[in-house]
Protein chains: 2
Amino acid sequence: MQRWSLAQSDMNKFETKHWTSDTVAADLEHAIHEHRLPPGTKLGEDELAEAYGISRTIVRAALLALSHRRLVELKRNRGAFVAQPTVRDAREVFEARALLEPRTAHSAAERMTDEDLALLRSNIASEHEALDAGENGRALFLSGQFHVEIARIADQTTVQGFISELISRSSLIIALYWRRRAALCETQAHHALLDAFANRDGDLAEQLMKSHLLDLVASLDLRNVTQPPTSLREALKR
Amino acid sequence: MQRWSLAQSDMNKFETKHWTSDTVAADLEHAIHEHRLPPGTKLGEDELAEAYGISRTIVRAALLALSHRRLVELKRNRGAFVAQPTVRDAREVFEARALLEPRTAHSAAERMTDEDLALLRSNIASEHEALDAGENGRALFLSGQFHVEIARIADQTTVQGFISELISRSSLIIALYWRRRAALCETQAHHALLDAFANRDGDLAEQLMKSHLLDLVASLDLRNVTQPPTSLREALKR
DNA sequence: GCACGCATGATTGTATACGAAATTGAGTTC
DNA sequence: GAACTCAATTTCGTATACAATCATGCGTGC
């Protein structure tokens, strides 16, 4: 069940665990993915080092890793910030997903085992739970996991890495450009995909994934009107 | 014309330039891409630090960046080594390229400007030059640049990043699994692509890219017989 | 009163020192 | 002579110290 937050110390995970740059990066990515660390948040090295009970060396390595995944932006002599994808970034991310995910879903459908199906099913169930409990961040994270899991089932490690990165970035994009109306169609699409997987129907899964991604983009407000702050230093830096 | 090598000191670039982790990483990637640093080569931190005239801090950041691109493998307490993609890795890399590059070539054909065409043309010319001069590594690098350039022209930064990584990894794969026969069909395919681009024929470019990639895979020896060394510590470690 | 410049403080960039892990080789034992 | 043990050495992992850079606020001059 393990839940926690970076700011509130409802658990002493920071002292107990033995952190490495990888685990710290994963922890931060998780927090970013769940919108506990919104876009633009400053990630001070000293602050993080103290929070995790480690030195800045590890923190820097973790931030470097996240910057390579374009989840944080490193500004020289200024610090690390949770990335703020532009409208253009958003379009590119979903273009890339459209190239990778439908065909990957096709492969996954053909390789799907019963264990895989059960795992996907429980994922959707958890997503529902989270939604019912009002834990939107957690639901969003699980929703992303669903997509990554498909790539894993397709047995394409390399593509899985790309998709994982794209989905984490999608979470940032959703944080910035999500328009409220038409909310929970998410789990519906996942349910439909699950059915296609259960029938090992690759063509259908591919088609469903394609339209699912189109729906996602359609649910965003990517008019350039809402341009991200550029000139006056991140528009008050939040 | 600036050419140089890591081992031989035919130029004193190491003292003059002001290196950062990014430039060091790019320099190493270039060397790997050109097969001056073959798969399995040990990249000792102290060695590199001394070579570039910087401290291990920068070297570590560069190696970390390259490990995220799967060009070097970091083994805990043992050091960094130029990656040795397995047969499975090779298949995955070319599967991913097959997903990304044909459609990207399609987009590129539609957005192609005359300047872009000239750039691609000069790239091919340089590739020919290198081949004639027997500089196979340089030719291979330029051949890769051709593909990355197409992604840039398609105006897809994110996909370009993925393709760039995949192409660098492809260079390692070629170093390990290239079978000699049927050598220079490379530039032919690029010429054909260039023609399609010149005619702004997206469908043709997409098709040509697809078969180009198939040809590439076909030119590799990916039978599992030639398994990469695993058990006896990198098979004499080079 | 406004703007510019300089000093101060905070934060990151880099180097180095120390500790930990693993490899290596010699020495010993069976 | 073969195999094992253990110390010595090398190399990486982490922390910390110092330098450089940027942001901030006060003071001065126009």
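Letters A, B, ... are given to chains in the order of the sequence lines, protein chains preceding strands, and every chain is numbered from 1.
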Could you tell me how far apart [X] ([atom1]) and [N] ([atom2]) are, to the nearest whole angstrom?
X     : N      : atom1 : atom2 : value
A:R78 : D:dA23 : CZ    : C1'   : 8 Å
A:L48 : D:dA15 : CG    : P     : 14 Å
A:L74 : D:dT21 : CG    : P     : 17 Å
A:L64 : C:dT12 : CG    : P     : 14 Å
A:H18 : C:dA20 : NE2   : C1'   : 11 Å
A:L43 : C:dT12 : CG    : P     : 10 Å
B:K42 : C:dT23 : NZ    : C1'   : 10 Å
A:E50 : C:dT11 : CD    : C1'   : 15 Å

Candidate nucleotides [options], ranked by approach to the side chain of [X] - the nearest:
X     : options                : value
A:N77 : D:dA15, C:dT23, C:dG13 : C:dG13
A:E45 : D:dA15, C:dT12, D:dT11 : C:dT12
B:R60 : D:dG13, D:dA15, C:dT16 : D:dG13

Inset, instruction - I would like to know whether B:R60 and B:S21 meet side chain to side chain donor-acceptor pair (under 3.5 Å); could you show each step before the answer? - result: CA-CA 8 Å; B:R60 281 181 71 83; B:S21 62; over 6 Å; no
I'd like to know if the side chain of [X] pairs up with that of [Y] as donor and acceptor (distance under 3.5 Å, no hydrogens or angles considered).
X      : Y      : answer
B:T113 : B:D116 : yes
A:H30  : A:E34  : yes
A:R70  : B:T158 : no
B:R97  : B:S170 : yes

Inset, instruction - Name the residue closer to the 5' end of DNA chain D, choosing between B:D46 and A:R76 according to the nucleotide with the nearest heavy atom. - result: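 Nearest-nucleotide comparison on DNA chain D picks B:D46.
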Inset, instruction - Would you please confirm or rule out a distance under 4.0 Å between OP1 or OP2 of C:dT14 and any side-chain N or O of B:T57? - result: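 B:T57 to C:dT14 OP1/OP2: no side-chain N or O under 4.0 Å.
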Inset, instruction - Report yes or no: is there a donor-acceptor pair, N or O only, under 3.5 Å between the side chain of B:R56 and the base of D:dG13? - result: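 By the distance-only test, yes, there is a pair.
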